[in-house]
Structure formats: structure tokens, C-alpha cells
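Residue numbering restarts at 1 for every chain, and letters A, B, ... go by the order of the sequence lines. Keep in mind it's a predicted model, so treat the numbers as computed, not measured. Only heavy atoms go into these numbers, but all of them, side chains included; no hydrogens, no water, no symmetry mates.
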There are 2 protein chains.
Amino acid sequence: MSEDVEQTLRQHGFQVTAQRIAILRALSSHPHATADELAADVRASIGSISRQAVYDTLGLMVDKGLIRRIQPSGFTARYEDRVNDNHHHLICRSCDSLVDIDCATGDTPCLSAGDDHGFVIDEAEVIYWGYCPACRGKAAPAKPGSSPKSSTT
Amino acid sequence: MSEDVEQTLRQHGFQVTAQRIAILRALSSHPHATADELAADVRASIGSISRQAVYDTLGLMVDKGLIRRIQPSGFTARYEDRVNDNHHHLICRSCDSLVDIDCATGDTPCLSAGDDHGFVIDEAEVIYWGYCPACRGKAAPAKPGSSPKSSTT
DNA sequence: ACCAATTCTGGACTTAGTCAAGTATTTGCC
DNA sequence: GGCAAATACTTGACTAAGTCCAGAATTGGT
Ligand SMILES: [Mn+2]
Ligand SMILES: [Mn+2]
Ligand SMILES: [Zn+2]
Ligand SMILES: [Zn+2]
């Protein structure tokens with residue numbers, strides 16, 4: 001459970017540092033965390049880390065495909081280590097809860113757009129918006145539209 | 001072409017103001033624009049507008065379902081008036097170009113997740129990531145992962 | 001024309017993230 | 001094990017996108 005993370009890092013061509021190990025651990029115990037939440041988690045485990053190290057590391061790991069970044073409308077970036085399993089996300093418009101949801105369309109699915117404009121598509125990111133069991137009946141007038149952090153007035 | 005916008009506003013329960021008309025016009029002539037771009041556009045047409053008015057108006061219109069906000073990872077929020085036609089988006093990881101793409105799954109499609117965790121889903125937002133015709137061969141090593149504004153080093 | 005409700009403005013403020021220069025750590029090699 | 005080059009981390013200033021608030025202006029109904 002300790003060497004695991006080291007191995008993962010080396011296998012992906014990373015140098016092994018206390019910070020990276022801690023971030024990866026934080027990530028696995030706290031899915032869909034923000035950079036700040038991860039930083040806090042890491043500080044609890046190894047004492048301190050700079051914001052920059054957190055962002056650098058997460059950025060590199062995303063680039064290498066070790067982790068995934070998602071950023072739904074109105075949310076700050078979130079990170080997770082569930083990768084390559086083609087799962088999607090379901091978000092409650094009212095309470096912002098975010099849950100994983102398996103892809104309905106098979107295994108490497110969803111990669112089927114109509115006219116692809118000549119693009120080479122390598123990922124289909126799906127976010128389902130709606131209301132969670134606890135939040136039904138609360139909001140949602142005529143047309144919910146899309147607005148996490150709603151307007152004034 | 002002028003009263004149109006007024007009508008649309010009233011039909012959706014908005015008071016009609018110069019700012020709102022201008023924003024709606026800007027929007028229709030400039031799809032996927034950012035708040036700032038819209039502000040600039042509006043200033044060109046009616047002289048001036050406050051940042052707050054732009055954000056307030058866009059927020060309200062999104063809430064009422066008159067327009068749509070999208071915010072792909074690494075991008076600032078973008079707005080569009082194509083709404084209720086269930087179209088999706090295709091983004092080039094290299095040059096950030098963003099194009100509309102019709103949904104392959106039918107008409108009110110995509111609203112089919114596996115286990116929906118008891119949520120009432122009202123929208124499935126899909127973003128296809130890849131490389132546009134002009135950008136192929138440029139980047140994309142082993143696993144593209146996902147990273148619009150990449151990392152340092 | 002008048003009033004209440006709504007909207008707009010200006011300016012301070014916050015949050016998430018980036019940049020850049022210097023210091024520390026890791027790793028491959030002897 | 002010790003060294004040096006490469007890589008990573010820290011610190012602090014900075015930017016971009018968006019929000020908050022209080023007061024002034026506009027709108028729509030009578
Ligand atoms: Mn997930
Ligand atoms: Mn579009
Ligand atoms: Zn909820
Ligand atoms: Zn491109």
C-alpha cells in the first residue's frame with residue numbers, strides 16, 4: 001500500500017518525491033477533490049506543500065494520463081484517479097453533489113459524434129445535470145437551463 | 001430583426017433594456033463568446049455597459065433557459081443562444097477551437113445513464129476532445145489524458 | 001406624470017490559477 | 001557513498017474571471 005504509489009509514479013516516468021506520493025494518496029482517498037482540498041490533505045500528511053507544487057504535479061499527472069481533471073460549469077477544477085474506465089458524472093443543480101456514473105453506451109463508448117468535422121476524437125466527456133433525490137421539488141421552475149452559481153436579484 | 005429580440009425578452013419575462021437587447025444581439029452574432037467578448041461587442045454597439053450588467057444578464061438568461069453556458073476544462077465560461085437543440089461540442093486540445101456538433105444519439109438523446117443514483121436528469125452535456133484537422137500530428141504522445149493549459153517543465 | 005420594482009453602475013474585493021527566480025532534492029554514474 | 005546535472009519545490013508577486021454591495025437610473029403599470 002506504500003510502495004504501490006512509488007511504483008505507479010516510476011512506471012509513468014515521474015521522479016518520486018514526498019509531495020507526489022502524498023498527492024497521489026490524497027487523490028485516491030478523496031475523489032473529485034479540488035487542488036486546495038488536496039493541498040490541505042497533503043499538509044495533514046506530510047506537514048506542508050506549496051500551492052505551486054500541487055498545481056505542477058496535478059498538471060503533469062493529467063498530461064501523462066495518470067489522473068483526470070474535470071471542471072463542470074460553475075465548479076473549480078476537480079481531480080480523480082479513476083481513469084481509463086470511461087465513467088461519467090452526474091451533478092445536482094441544487095446541492096452541487098457530484099457522483100460517478102458508469103457509461104451506458106458500452107466500453108469505449110460515446111465516441112460517436114455525428115459529423116466530426118474532421119477531428120480525431122479521443123475522449124467523450126459527459127456530464128449529466130439534474131436533481132438528486134434529496135433536492136427534488138426544491139427548485140427547477142419551467143426550464144432549468146444551466147446555472148450552478150445562479151444570478152442575483 | 002429588431003423587434004424580434006424585444007419579443008423574445010418579454011416572452012421570457014424579462015424587462016426590456018438597451019443592455020439586454022444588445023447582449024442578446026451580440027450573442028446571436030458571436031456564438032460561444034466569453035462574457036468579456038460579449039461586453040466588448042455590446043460596447044461597440046451601445047457605447048458602454050458595466051461588467052456586472054453583463055454577468056447579471058447572462059446569469060438570468062441562463063437560469064430562464066434563454067441561453068446556454070458551457071465551460072470546458074481550462075476555458076472560461078462561454079455563452080450561446082442555440083438552446084434546446086441538443087447539440088454538443090468538439091474541442092481541439094491543441095488550438096482550442098470549439099465547434100458545434102449534432103448529437104448522434106437522436107433527438108432528446110443521451111439522457112440515458114446507467115444507474116442514475118435516483119437523480120432526475122434533465123440534461124446530458126457532452127464534450128468531445130481531440131485534434132482538429134489542422135492540428136493533427138502536432139501533439140498527442142502516448143496518452144493525451146486531458147490538459148488544455150498544460151504544465152510547466 | 002408618478003411610484004414601486006427592477007436594473008445598471010462603479011469600485012472594492014475574492015478566488016483560482018500562473019509566472020519567474022532561486023533553492024532543494026532526486027537520480028544516474030563513478 | 002559522493003557528485004553533478006536534471007528535475008522538482010518554494011516563495012511571493014501577479015493575472016483573470018467573477019462576485020458583492022450600495023447608490024443612481026430606468027422600466028412598466030396606473
Ligand atoms: Mn469520477
Ligand atoms: Mn454550441
Ligand atoms: Zn442535491
Ligand atoms: Zn486545432
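Atom P of nucleotide C/dA16 and atom CD1 of A/Ile70 are separated by 16 Å, given to the nearest angstrom. The distance between atom OH of A/Tyr55 and atom C1' of D/dC14, rounded to the nearest whole Å, is 14 Å. Atom-to-atom, CG of B/Asp56 to C1' of D/dT26 comes out at 15 Å; the value is rounded to the nearest Å. Between A/Leu58 atom CG and D/dA8 atom C1' there is a gap of 14 Å when expressed in whole angstrom units. One atom, CD1 of A/Ile49, and another, C1' of D/dA8, lie 11 Å apart when rounded to the nearest Å. In this structure, the CD atom of B/Gln71 is 10 Å from the P atom of C/dG17, given to the nearest Å. The CZ atom of A/Phe75 sits 17 Å away from the C1' atom of D/dA17 (whole-angstrom rounding). For the pair B/Leu60 CG and C/dA5 C1', the computed distance is 14 Å after rounding to whole Å.
Residues A/Gln19 and A/Val42 fail the side-chain proximity criterion, which asks for heavy atoms closer than 4.5 Å. Contact annotation: the side chain of A/Val83 never approaches that of A/Leu66 to less than 4.5 Å [non-hydrogen atoms, C-beta and beyond]. Between A/Thr17 and A/Thr57, the closest side-chain pair of non-hydrogen atoms is not below 4.5 Å.
The side chain of A/Ser50 has D/dT11 as its nearest neighbour among C/dG17, D/dT11, C/dT26.
B/Thr57 comes within contact range of the sugar-phosphate backbone alone, with a heavy-atom separation under 4.0 Å but no base atom that close. Here A/Ala77 lies in heavy-atom contact (under 4.0 Å) with sugar-phosphate atoms only.
Within the 4.0 Å cut-off from OP1 or OP2 of C/dT25, not a single side-chain nitrogen or oxygen of A/Gln19 is found. Taking side-chain N and O atoms only, A/Thr17 has a distance below 4.0 Å to OP1 or OP2 of D/dC9. Between A/Arg20 and the phosphate of C/dT26, there is no side-chain N or O to OP1/OP2 separation shorter than 4.0 Å. Not one side-chain nitrogen or oxygen of B/Gln52 sits closer than 4.0 Å to the OP1 or OP2 atom of C/dT9.
One can find a donor-acceptor pair under 3.5 Å joining the base of C/dG17 and the side-chain atoms of A/Arg51.
For the atom pair B/Leu58 CG and B/Tyr79 OH, the distance stands at 5.0 Å (nearest 0.5 Å).
Residue-to-nucleotide proximity on DNA chain D shows that, of B/Arg10 and B/Ala35, the 5′-proximal contact is made by B/Ala35. Two residues, B/Thr34 and B/Ala18, neighbour DNA chain D, and the one matched to the more 5' nucleotide by heavy-atom proximity is B/Thr34.
For the pair A/His12 (side chain) and A/Gly65 (backbone), a donor-acceptor distance under 3.5 Å is absent.
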